[in-house]
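First the structure, in the form of structure tokens, and then the observations on it.
Fair warning: this is a prediction, and the values are worked out from it, not measured in the lab. Reminder, nothing fancy here: chain letters follow the sequence lines and each chain counts from 1.
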There are 2 protein chains.
Amino acid sequence: MAVSRRASDRAYQTLRDEIVEWELRPGSVLGEVEQSTRLGVSRTPLREALTRLMADGLVSSQSGRGLVVTDLSLASIREIFEVRQALEEQAARLAARRGDTAVFQQLEIEFAAVNELLEHDDPVRHAYYGLVARLDDAIDTAVGNSYLAAALATLRTHLVRVRRLAVDDPARLSAAAAEHLLIVQAIAARDAELAAHATQVHLHQALRNIQKMAHLQTGLQADLLNRASSTSSALPKGT
Amino acid sequence: MAVSRRASDRAYQTLRDEIVEWELRPGSVLGEVEQSTRLGVSRTPLREALTRLMADGLVSSQSGRGLVVTDLSLASIREIFEVRQALEEQAARLAARRGDTAVFQQLEIEFAAVNELLEHDDPVRHAYYGLVARLDDAIDTAVGNSYLAAALATLRTHLVRVRRLAVDDPARLSAAAAEHLLIVQAIAARDAELAAHATQVHLHQALRNIQKMAHLQTGLQADLLNRASSTSSALPKGT
DNA sequence: AACACCGGCTATGTATACAGAATATGCATG
DNA sequence: CATGCATATTCTGTATACATAGCCGGTGTT
């Protein structure tokens, strides 16, 4: 289970992780032979991985001149959040109607105690984001809609890419936890409309926080250029 | 432009059309060698086509035992409509805010005269569904959100598959046109909330109509079994 | 000096060959 | 007669070889 037995899956996950973690920056050209030799797989499974990445919207064919990692501008983030508002509001509403109350009551307890969890936490906030991921899973399970779950899954991939841009502001994390708590309480109380509204509030604040930080950084482009150390090639180690 | 020059695109479009048109029924096993010989392409581009179909949710790997065309039960249709409600409401709302008024005023005129169009129409309602498709395009253009457009595009593929199940009831088509007219009017008037509500009404009625017809047919499974003449093989023409 | 054309090269797109795994079937044994 | 094991067949997964097309560089001509 450490590594998928299929080479195409390994190539897909590796490239996806590298794009999400900004090791492969937007605009990087992903040549087939170049990446296949780097990842130690043949061109055939690599092409399958690239096809899946294209379907995810993480790479796109730049006018036939090879595949490039898609850009993630502030406008793109706004677009992602417009879709996210629609899907997560629906998910919260349906989870409130159909969810197992006990599951969300348990999550309610954990989110209420999230400030303690934030005090002695990882530098990468592993425990916090793990809790959020468990909430997402609980909502997906409660909704029981595979189409909605699939749409949210691809969306969350893009959101992790966004998250790597915005530095974890402790004050924002605490506020976000309070917003999550309200969502969980509403679902546990089977209040569908409150769950929907609380989700809208949370997403509004999350987007607002990102926009504020982007403004402080005078544009996201400057920030992402300072992050990755690779020059322009997809290979970090030069020849 | 009649056919894509790439064999993988041709294989993808052909298989996608055949699945949507119920020529390949749910549960059909898509063997690689079988389909590659049938479509006259090699296994490599066919595999790429199958990967894209998996991403679309039209086929799924049945426990490693080969790829099969996904089922489309009444429960699946309800799930699709739950996603559709969320996405199309958002799309209508944003289109009302950002759309070019003149475009939707033109569509308003055409939808107002749709009863004449329905009188002398194709048996497949080509002109009617073409008008609906133009409305979809106009909304996508007005929204200007590539993520939302992509999500709606895959969703519409599934909806065409649903449409092929429900017989075109003239009364329902007329009522649907009236609902569409209200949506277009709301967008042209830049009334975002009315556009959102009118979309919800339309989708509610559309799903209700499908469920009603499914009930009359005593389940969709019986119907789809009567439609396609192929037995269980993916090859309509026997050897 | 600039533009156009030709040639080579590198990239993708496709086909085919090979290996490994899984399943089905048949035979033997209890 | 049933069940388990072994074997064969067929499938997917992977690699590599080949063709074609687009791009870049060079050279010749105006």
Side-chain angles (χ1 to χ4, degrees), chain A residues 1-16 19 24 26-70 231-235 238-239, chain B residues 1-16 19 24 26-70 231-235 238-239:
Chain A
M1 186 171 152
V3 292
S4 304
R5 74 191 189 287
R6 298 210 291 281
S8 60
D9 284 348
R10 280 188 285 116
Y12 170 74
Q13 286 188 344
T14 303
L15 286 173
R16 183 167 146 274
I19 293 172
L24 285 174
S28 301
V29 178
L30 299 181
E32 291 182 4
V33 286
E34 177 189 7
Q35 297 301 316
S36 63
T37 49
R38 184 172 72 91
L39 299 178
V41 299
S42 178
R43 278 183 58 214
T44 306
L46 184 99
R47 279 178 65 91
E48 184 175 328
L50 291 177
T51 302
R52 291 169 65 183
L53 289 172
M54 266 198 63
D56 290 341
L58 291 175
V59 304
S60 64
S61 72
Q62 179 121 312
S63 69
R65 198 194 302 255
L67 296 178
V68 297
V69 178
T70 52
T231 59
S232 70
S233 167
L235 283 162
T239 57
Chain B
M1 187 167 154
V3 292
S4 304
R5 73 189 192 289
R6 298 209 291 280
S8 60
D9 284 347
R10 280 188 284 116
Y12 170 73
Q13 286 187 345
T14 303
L15 285 174
R16 184 167 144 275
I19 293 173
L24 285 174
S28 300
V29 178
L30 298 180
E32 292 182 4
V33 287
E34 177 189 9
Q35 297 301 317
S36 62
T37 50
R38 184 173 72 92
L39 300 178
V41 299
S42 179
R43 280 183 57 213
T44 307
L46 184 98
R47 279 177 67 90
E48 184 176 328
L50 291 178
T51 303
R52 290 168 66 184
L53 290 172
M54 266 198 63
D56 290 341
L58 290 175
V59 305
S60 64
S61 71
Q62 179 121 312
S63 70
R65 199 193 303 253
L67 295 178
V68 297
V69 178
T70 52
T231 58
S232 70
S233 167
L235 283 161
T239 57

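- Atom pair Leu46(A):CG and dT12(C):C1' shows a separation of 12 Å (rounding to whole Å applied).
- Summarising the geometry, the separation between CZ on Arg6(A) and P on dC11(D) is reported as 18 Å, rounded to the nearest angstrom.
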Query raised in the report: Could you go step by step and tell me if Thr44(B) and Glu48(A) meet the side-chain contact (heavy atoms from CB on, under 4.5 Å) rule?
Result: CA-CA 10 Å; Thr44(B) 307; Glu48(A) 184 175 328; over 6 Å; no
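- The bend of the helix from dA1(C)-dT30(D) to dG30(C)-dC1(D), defined by the angle between the axes of its first five and last five pairs, stands at 10° to the nearest 10°.
- Classification of Arg52(B) and Asp9(B) as a salt-bridged pair holds, one side-chain N sitting under 4.0 Å from a carboxylate O.
- Regarding Leu39(B), its CG atom lies at a distance of 15 Å from the C1' atom of dA15(C), rounded to whole Å.
- Distance alone, capped at 3.5 Å, places no donor-acceptor pair between the Thr14(B) side chain and the Ala11(B) backbone.
- Taking side-chain N and O atoms only, Ser8(A) has no distance below 4.0 Å to OP1 or OP2 of dG13(D).
- Protein atom CD of Gln35(B) is 12 Å distant from nucleotide atom P of dC11(D), rounded to whole Å.
- The two residues Val59(A) and Leu50(A) come nearest to each other via the heavy atoms CG2-O, 4.0 Å.
- Using a 4.5 Å cut-off on side-chain heavy atoms (C-beta onward), Tyr12(A) and Asp56(A) make contact.
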Query - side-chain contact (heavy atoms from CB on, under 4.5 Å) between Leu15(B) and Leu58(B), intermediate numbers included - result: CA-CA 10 Å; Leu15(B) 285 174; Leu58(B) 290 175; over 6 Å; no
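- Atom CG of Leu50(A) is separated from atom P of dG13(C) by 10 Å (rounded to the nearest Å).
- Rounded to whole angstrom, the span from the CG atom of Leu67(A) across to the P atom of dT10(C) amounts to 20 Å.
- If you check dC11(D), dG13(C), dA15(C) against the side chain of Val33(B), the one that comes closest is dC11(D).
- Computed from coordinates, the Arg52(A) CZ to dG13(D) P distance equals 11 Å when rounded to whole Å.
- Shown here are the side chain to side chain contact (heavy atoms under 4.5 Å, CB included) partners of Ser60(B), two or more places apart in sequence or in another chain: Val68(B), Thr70(B).
- Checked by atom type, the side-chain pair Gln35(A)/Arg38(A) shows a donor-acceptor distance below 3.5 Å.
- Taking the side chain of Arg47(A) as heavy atoms from C-beta on, and the options dA15(C), dG13(C), dG13(D), the nearest nucleotide is dG13(C).
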Which atoms of nucleotides 16-21 of chain C (N or O only) lie under 3.5 Å from a protein N or O atom, and what are those distances?
residue, atom, partner, partner atom, Å
dT16(C), O4, Thr44(B), OG1, 3.2

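- Taking 4.5 Å as the limit, some side-chain heavy atom of Leu30(B) sits within range of a side-chain heavy atom of Leu24(B).
- When rounded to the nearest whole Å, the span between CD of Glu34(B) and C1' of dT12(D) equals 14 Å.
- Here dA15(C) is the nucleotide among dA15(C), dT14(C), dT12(C) with the atom lying nearest to any side-chain atom of Val41(B).
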